[in-house]
A.B. asks: 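I have a structure here, written as structure tokens, and I will follow up with some questions on it.
Remember, it's a predicted structure, so these values are computed and weren't measured experimentally.
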Amino acid sequence: MAVLWLEDVDADDVGTVGGKAASLGELIGAGLPVPPGFTVTADTYRTFIEEAGIDEELFAAVDVDPEDSVALREAEDAAAELILETPLPEDVREEIVDRYRAMGDDGEAAFVAVRSSATAEDLPDSSFAGQQETFLNVREQALIRRVKECWASLFTQRAIYYRQQRGFPHAEVDIAVVVQRMVDADKSGVMFTSHPSTGDPQITIEAAWGLGEAVVSGTVSPDNYVYDRERATVDEVTIADKKVEMVKDAETGETVTMDVDDERRNSRVLSDAAIEELVALGERVEDHYGTPQDVEWAIYDDEIYMLQSRPITTIQEDAGSGGEAGGSGRQGDADDERAGGVAGDENDDADVLVDGLGASPGVVSGTVRIVHKLDHLDQVQEGDVLVTEMTMPDMVPAMKRAAGIVTDEGGMTSHAAIISREL
């Protein structure tokens with residue numbers, strides 16, 4: 001069978017449906033609020049490339065030196081062409097479309113999120129955060145193309161580089177695809193059920209207006225709420241200047257990025273009551289898995305939905321105190337900005353030039369390299385401090401060379417911050 005409903009899979013099915021789909025099925029089985037959906041299995045991808053006879057050519061094309069940016073770019077292009085230009089068998093196409101149509105309401109076609117779910121992701125020591133693609137507000141006309149684009153995203157430059165750095169052979173990683181009903185979120189974000197670096201008993205919630213992709217991608221600087229689990233209280237509230245939000249365009253149905261209106265831009269996204277609800281759900285998820293979790297969530301019409309949960313991969317047993325080696329330098333962007341990611345001299349009497357929200361423990365110094373375009377990444381040398389508006393997954397090779405990272409936007413729960421801590 002090419003397609004399985006999410007409610008029919010669980011944690012034992014990672015090899016069949018990938019980490020993301022298996023986790024969603026597990027959450028549904030635990031009675032947590034998860035939007036309905038189905039998964040195109042990893043076996044479907046594997047059968048597709050083998051029966052079409054493109055598998056050997058595909059794996060040969062991506063067997064390149066990960067430090068060679070030109071070779072990586074050529075490998076990505078070659079893989080995408082092979083997968084996207086090879087026709088999908090008609091029976092597989094029909095099964096996917098039939099499941100999609102069954103998700104509609106009252107004759108209305110559903111808007112869905114199409115998300116990659118690799119068999120080597122959301123693992124205890126490797127998140128693969130941001131390495132494959134997600135497409136939002138997809139309808140039938142674009143569905144099959146988006147599924148194949150998710151398959152092709154197994155071989156983006158960043159994914160090839162990340163797998164080779166983490167020791168995962170390309171030919172041994174398969175990819176499933178999750179097709180899930182969209183939550184037309186009023187507000188959304190990410191929750192860590194323990195501190196992502198130290199493992200301290202605090203829940204960190206980052207929240208912004210609109211769809212959560214703005215938070216996980218680092219497009220927006222989100223509010224940051226810290227809940228002390230031992231004292232059962234909201235400990236810190238940092239209200240960010242939330243310049244943009246991702247929403248569904250009412251006319252076209254497409255996902256667009258819009259300016260946030262002045263009234264909400266510096267307003268608090270989550271009330272204490274909403275934080276309490278999220279904390280309760282987060283603790284249920286952590287209790288179910290028995291390990292600290294990184295949870296994506298969305299709120300629509302005051303109802304909370306769980307969109308993803310994966311283990312926190314970056315808790316360090318020897319995490320130290322002091323400054324931060326990676327963070328968002330959002331000086332003046334928050335009402336209650338707390339220090340972290342301090343750029344300046346280590347002496348107590350030195351002038352602080354920039355402070356912001358820390359993402360990873362440590363103190364570093366190095367030559368600053370300001371990056372405005374991906375073309376400038378080659379200028380980042382070993383031990384430099386990378387400074388940019390926001391990091392993107394394609395920056396991973398340069399991020400690995402850097403000793404520290406400072407960004408204008410984004411939070412400690414963004415994909416870029418997760419990858420930074422892993423590196």
Side-chain angles (χ1 to χ4, degrees), residues 20 24 34-40 76 80 83-85 88 93 96-117 129-153 156 158 175 177-190 207-222 242-261 264-265 269 296-301 303 305 307-308 374 389-390 392-394 409-410 414-416:
K20 191 176 283 97
L24 289 168
V34 176
F38 62 88
T39 176
V40 183
E76 177 180 342
I83 291 172
L84 297 179
E85 300 304 319
L88 190 67
R93 177 188 295 269
I96 294 171
V97 171
D98 285 347
R99 291 293 178 100
Y100 164 79
R101 289 174 178 170
M103 293 171 63
D105 281 332
D106 300 325
E108 288 287 325
F111 283 93
V112 295
V114 181
R115 311 164 72 193
S116 305
S117 180
Q131 299 311 298
Q132 275 84 54
E133 291 291 355
T134 290
F135 302 98
L136 305 178
N137 287 310
V138 177
R139 302 185 92 176
E140 182 174 331
Q141 184 177 6
L143 178 60
I144 299 301
R145 175 77 179 186
R146 293 307 195 196
V147 169
K148 293 177 73 177
E149 285 175 337
C150 283
W151 288 347
S153 74
T156 58
R158 60 183 183 261
I175 187 165
V177 179
V178 172
V179 179
Q180 192 174 22
R181 185 190 296 279
M182 282 290 304
V183 176
D184 199 9
D186 309 313
K187 53 194 77 168
S188 51
V190 180
W209 305 112
L211 301 175
E213 187 63 21
V215 176
V216 298
S217 67
T219 302
V220 67
S221 295
K242 299 166 289 293
K243 301 180 182 72
V244 297
E245 62 180 329
M246 288 185 177
V247 296
K248 181 174 70 177
D249 185 276
E251 294 184 6
T252 66
E254 295 179 352
T255 305
V256 294
T257 301
M258 300 182 65
D259 292 337
V260 174
D261 57 82
R264 292 181 300 139
R265 181 165 164 168
V269 175
E296 292 180 24
W297 55 269
I299 296 176
Y300 172 69
D301 209 15
E303 292 289 327
Y305 297 89
L307 305 181
Q308 181 173 336
L374 289 175
E389 182 178 359
M390 69 184 78
M392 295 175 284
D394 288 336
E409 304 290 349
S414 67
H415 281 152

A.B. asks: Quick one: closest heavy-atom pair of Ile175 and Ser153, and the distance?
C.D. replies: CD1-OG, 4.4 Å

A.B. asks: Quick one: closest heavy-atom pair of Ser117 and Val178, and the distance?
C.D. replies: CB-CG2, 4.1 Å

A.B. asks: Does the pair Val114 and Val177 meet the rule for a side-chain contact (heavy atoms from CB on, under 4.5 Å), with working shown?
C.D. replies: CA-CA 7 Å; Val114 181; Val177 179; 3.5 Å; yes

A.B. asks: What pair of heavy atoms forms the shortest contact from Ala298 to Val183, and how long is it?
C.D. replies: CB-CG1, 4.0 Å

A.B. asks: Once rounded to the nearest 0.5 Å, what's the spacing between atom OG1 of Thr39 and atom CZ of Arg99?
C.D. replies: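 Result: 10.5 Å between the selected atoms.
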
A.B. asks: Output the distance between atom OG (Ser217) and atom CE (Met390), rounded to the nearest 0.5 Å.
C.D. replies: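 Taking OG in Ser217 and CE in Met390, the distance rounds to 7.0 Å.
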
A.B. asks: Is the number of heavy atoms from other residues, nucleotides or ligands within 6.0 Å of CZ (Phe111) greater than 12?
C.D. replies: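 Buried by this count: over 12 neighbours within 6.0 Å.
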
A.B. asks: Is a donor on one side and an acceptor on the other found under 3.5 Å between the side chain of Gln180 and the backbone of Pro35?
C.D. replies: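 Confirmed, Gln180 side chain pairs with Pro35 backbone.
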
A.B. asks: Which pair of heavy atoms, one from Lys20 and one from Ser116, lies closest together, and at what distance?
C.D. replies: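 That closest heavy-atom pairing would be NZ-O, 2.6 Å.
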
A.B. asks: Mind running side-chain contact (heavy atoms from CB on, under 4.5 Å) on Trp297 and Gln308 for me, showing each step along the way?
C.D. replies: CA-CA 7 Å; Trp297 55 269; Gln308 181 173 336; over 6 Å; no

A.B. asks: Could you go through Met246 and Trp209, starting from their C-alpha distance and side-chain angles, then the distance that decides it, and tell me whether this counts as side-chain contact (heavy atoms from CB on, under 4.5 Å)?
C.D. replies: CA-CA 8 Å; Met246 288 185 177; Trp209 305 112; over 6 Å; no

A.B. asks: What residues form a side chain to side chain contact (heavy atoms under 4.5 Å, CB included) with Val244, not counting sequence neighbours?
C.D. replies: Thr219, Val220, Thr257, Asp259

A.B. asks: Locate the shortest heavy-atom distance separating Ile83 from Ala152; write the atom from each residue and the value.
C.D. replies: CD1-CA, 3.7 Å

A.B. asks: Is the shortest distance from a Lys or Arg side-chain nitrogen in Asp261 or Lys242 to a carboxylate oxygen in the other one below 4.0 Å?
C.D. replies: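 No, this pair does not count.
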
A.B. asks: What is the distance from atom CZ of Phe135 to atom CZ of Arg145, rounded to the nearest 0.5 Å?
C.D. replies: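 Nearest 0.5 Å value for the CZ-CZ distance: 9.0 Å.
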
A.B. asks: Got a donor-acceptor contact below 3.5 angstrom from the Asp105 side chain to the Ala110 backbone?
C.D. replies: no

A.B. asks: With no hydrogens and no angle check, do the side chains of Glu76 and Thr156 hold a donor and an acceptor under 3.5 Å apart?
C.D. replies: no

A.B. asks: Can you give me the closest heavy-atom contact between Ala109 and Tyr100, atom names plus distance?
C.D. replies: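 Shortest heavy-atom contact: CB-OH, 3.5 Å.
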
A.B. asks: Check the pair Ile299, Tyr305 against side-chain contact (heavy atoms from CB on, under 4.5 Å), reporting the backbone distance first and the verdict last.
C.D. replies: CA-CA 6 Å; Ile299 296 176; Tyr305 297 89; over 6 Å; no

A.B. asks: Calculate, to the nearest 0.5 Å, the distance between atoms CH2 and CD belonging to Trp151 and Glu149 respectively.
C.D. replies: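 Rounded to the nearest 0.5 Å, the CH2-CD separation comes to 12.0 Å.
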
A.B. asks: In Å, rounded to the nearest 0.5 Å, how long is the span from OG1 of Thr134 to CG of Leu211?
C.D. replies: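 It comes to 12.0 Å.
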
A.B. asks: Per the salt bridge (charged side-chain N to carboxylate O under 4.0 Å, His left out) rule, what does the pair list look like for residues 244-254, sequence neighbours excluded?
C.D. replies: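 Counting only pairs at least two positions apart or across chains, the salt bridge (charged side-chain N to carboxylate O under 4.0 Å, His left out) contacts touching residues 244-254 are Glu245-Arg264.
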
A.B. asks: Can you name the residues that form a side chain to side chain contact (heavy atoms under 4.5 Å, CB included) with Ser414, not counting sequence neighbours?
C.D. replies: Ala416, Ala417

A.B. asks: Hey, what do you get for CG (Leu307) to CG (Leu24), rounding to the nearest 0.5 Å?
C.D. replies: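 Those atoms lie 8.0 Å apart.
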
A.B. asks: Taking only residues two or more places apart in sequence, or in another chain, which ones meet Arg101 in a salt bridge (charged side-chain N to carboxylate O under 4.0 Å, His left out)?
C.D. replies: Glu140

A.B. asks: Not counting sequence neighbours, which residues clear side chain to side chain contact (heavy atoms under 4.5 Å, CB included) with Ala113? List them please.
C.D. replies: Arg115, Leu136, Met182

A.B. asks: So that I can tick it off, tell me whether Lys243 and Glu409 are bridged by a salt bridge, with the cut-off set at under 4.0 angstrom between side-chain N and carboxylate O.
C.D. replies: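 A salt bridge links Glu409 with Lys243.
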
A.B. asks: Checking Lys187 side chain against Ala208 main chain: does a donor-acceptor pair fall under 3.5 Å?
C.D. replies: no

A.B. asks: Listed by chain and number, what are the side chain to side chain contact (heavy atoms under 4.5 Å, CB included) partners of Ala102, not counting sequence neighbours?
C.D. replies: Trp5

A.B. asks: Would you say Ile96 and Leu143 make side-chain contact, with heavy atoms under 4.5 Å?
C.D. replies: yes

